[in-house]
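Chain identifiers are assigned alphabetically (A, B, ...) following the order of the sequence lines, protein sequences preceding nucleic acid strands; residue numbering begins at 1 within each chain. Predicted, not measured: the structure shown is a model, and the values here were computed from it.
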Amino acid sequence: MLQRIKGFEHTAEARKVEAEIENRHSGAALFSNEMPAPAQKQSPAAPCI
Amino acid sequence: MPASTDLNDVLQPGQPLPADSVMIAKALEILSASPHGQQLANFVEKKNIVIKIAGTPEPVGYLPDKKLVYVGFNRNNAISPGRFILMLAAILREAQQEAAGIKHPDLRAPLEEHKKVSMAKHEDKIWYICTIACELHDQVAFSDYKFLDELRKMGHSEALDLYLRQEGKS
């Protein structure tokens with residue numbers, strides 16, 4: 001279904017799009033690495049009296 | 001605002017913008033004058049696609065949901081009517097891709113997969129707006145919109161030249 005433009009991959013526009021994809025991908029990878037681990041379930045603290 | 005308003009008359013620098021609904025209706029009407037644009041207008045109607053205009057610093061098309069598209073531009077420095085129409089066509093084509101199941105890969109998918117799919121989707125979108133621009137450019141009624149010049153101003157000059165060569169129009 002997707003249409004092609006012969007030689008499009010060699011255009012400056014294609015290189016720009018490729019760079020954007022790489023940036024997005026590395027950003028997403030960074031984000032997933034920085035995601036905090038799920039919080040451990042903790043017992044309720046003893047009430048201070 | 002008269003129903004027959006020409007976007008070229010109302011989307012002028014320094015003039016107040018018409019209502020969003022007027023701009024969208026008129027753009028869809030103009031798209032419908034081209035066979036490929038007509039497909040997009042039919043898609044909007046058949047799939048109940050909601051089109052919205054947003055104020056953004058730079059011109060941008062955005063597809064937050066498969067049935068919701070945004071065309072964004074700076075309302076204090078409105079884009080040309082021709083560009084607005086082509087931007088709408090581009091984001092509608094993206095919505096059409098999504099509806100056909102051609103989606104961007106999952107965020108965690110390998111880079112090569114992202115490149116392959118996202119680049120193919122982009123290329124298809126550019127092919128589509130080149131086709132619509134040529135179909136409208138060939139009609140005297142739309143000569144003032146300068147659709148081919150607009151494509152070049154949007155950064156698609158090289159792609160347009162390749163397209164024209166491929167389609168035997170250059």
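Nearest heavy atoms, A/R4 versus B/E123: NE-OE2, 2.9 Å. Residue A/H10 comes nearest to B/E158 through the heavy atom pair O-OE2, 4.5 Å, listed as atom of the first residue, atom of the second, then distance.
With a 4.5 Å cut-off on non-hydrogen atoms, B/A100 touches chain A through its side chain but not through its backbone. Heavy-atom distances place no part of B/R165 under 4.5 Å from chain A, backbone and side chain included. Neither the backbone nor the side chain of B/P105 comes within contact range of chain A, judged by heavy atoms closer than 4.5 Å.
With hydrogens and angles disregarded, no donor-acceptor distance shorter than 3.5 Å links the side chain of A/Q3 to the backbone of B/D124.
Remark: A/H25 NE2 to B/H114 NE2 distance equals 4.5 Å, nearest 0.5 Å. Once rounded to the nearest 0.5 Å, the distance linking CD1 of A/I21 with NZ of B/K115 reads 8.0 Å. The distance from atom OG1 of A/T11 to atom CG of B/L160, rounded to the nearest 0.5 Å, is 12.0 Å. To the nearest 0.5 Å, atoms CD (A/E18) and OG (B/S118) are separated by 11.0 Å.
B/W127 and B/V117 sit in two unconnected hydrophobic clusters of ILVMFWY residues. Membership requires side-chain heavy atoms under 4.5 Å apart, directly or through other members. Side-chain heavy atoms closer than 4.5 Å link hydrophobic residues (I, L, V, M, F, W, Y) into clusters, and following such links, even through other members, never connects B/Y70 to B/V22. B/L63 and B/I85 fall within the same hydrophobic cluster, defined by Ile, Leu, Val, Met, Phe, Trp and Tyr side-chain heavy atoms under 4.5 Å apart, directly or through other members.
Contact check for A/E22 versus B/L111: side-chain heavy atoms found under the 4.5 Å cut-off. Counting heavy atoms from C-beta on, the side chains of A/E9 and B/M119 never come closer than 4.5 Å. When side chains are defined from C-beta on, A/E13 counts as touching B/I126, because their heavy atoms get closer than 4.5 Å. In this structure the side chain of B/Q97 reaches within 4.5 angstrom of the side chain of A/L2, judged on heavy atoms.
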In a table with atom names and distances, give each donor-acceptor pair under 3.5 Å that connects a side chain of residues 33-47 of chain B to protein atoms at least two apart or in another chain.
from	atom 1	to	atom 2	distance (Å)
B/S34	OG	B/G37	N	2.8
B/S34	OG	B/E135	OE1	2.9
B/H36	ND1	B/E135	OE2	2.7
B/Q38	NE2	B/N42	OD1	2.8
B/Q39	OE1	B/Y128	OH	2.7
B/N42	ND2	B/Q38	O	3.4

Contacts under 3.5 angstrom, residues 49-58 of chain B side chains, donor-acceptor by atom type, not counting sequence neighbours:
from	atom 1	to	atom 2	distance (Å)
B/T56	OG1	B/E58	O	2.7
B/T56	OG1	B/G72	O	3.4
B/T56	OG1	B/F73	N	3.0

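Using cut-offs of 30° and 60° on the angle between ring planes, the pair B/H122 and A/F8 is tilted.
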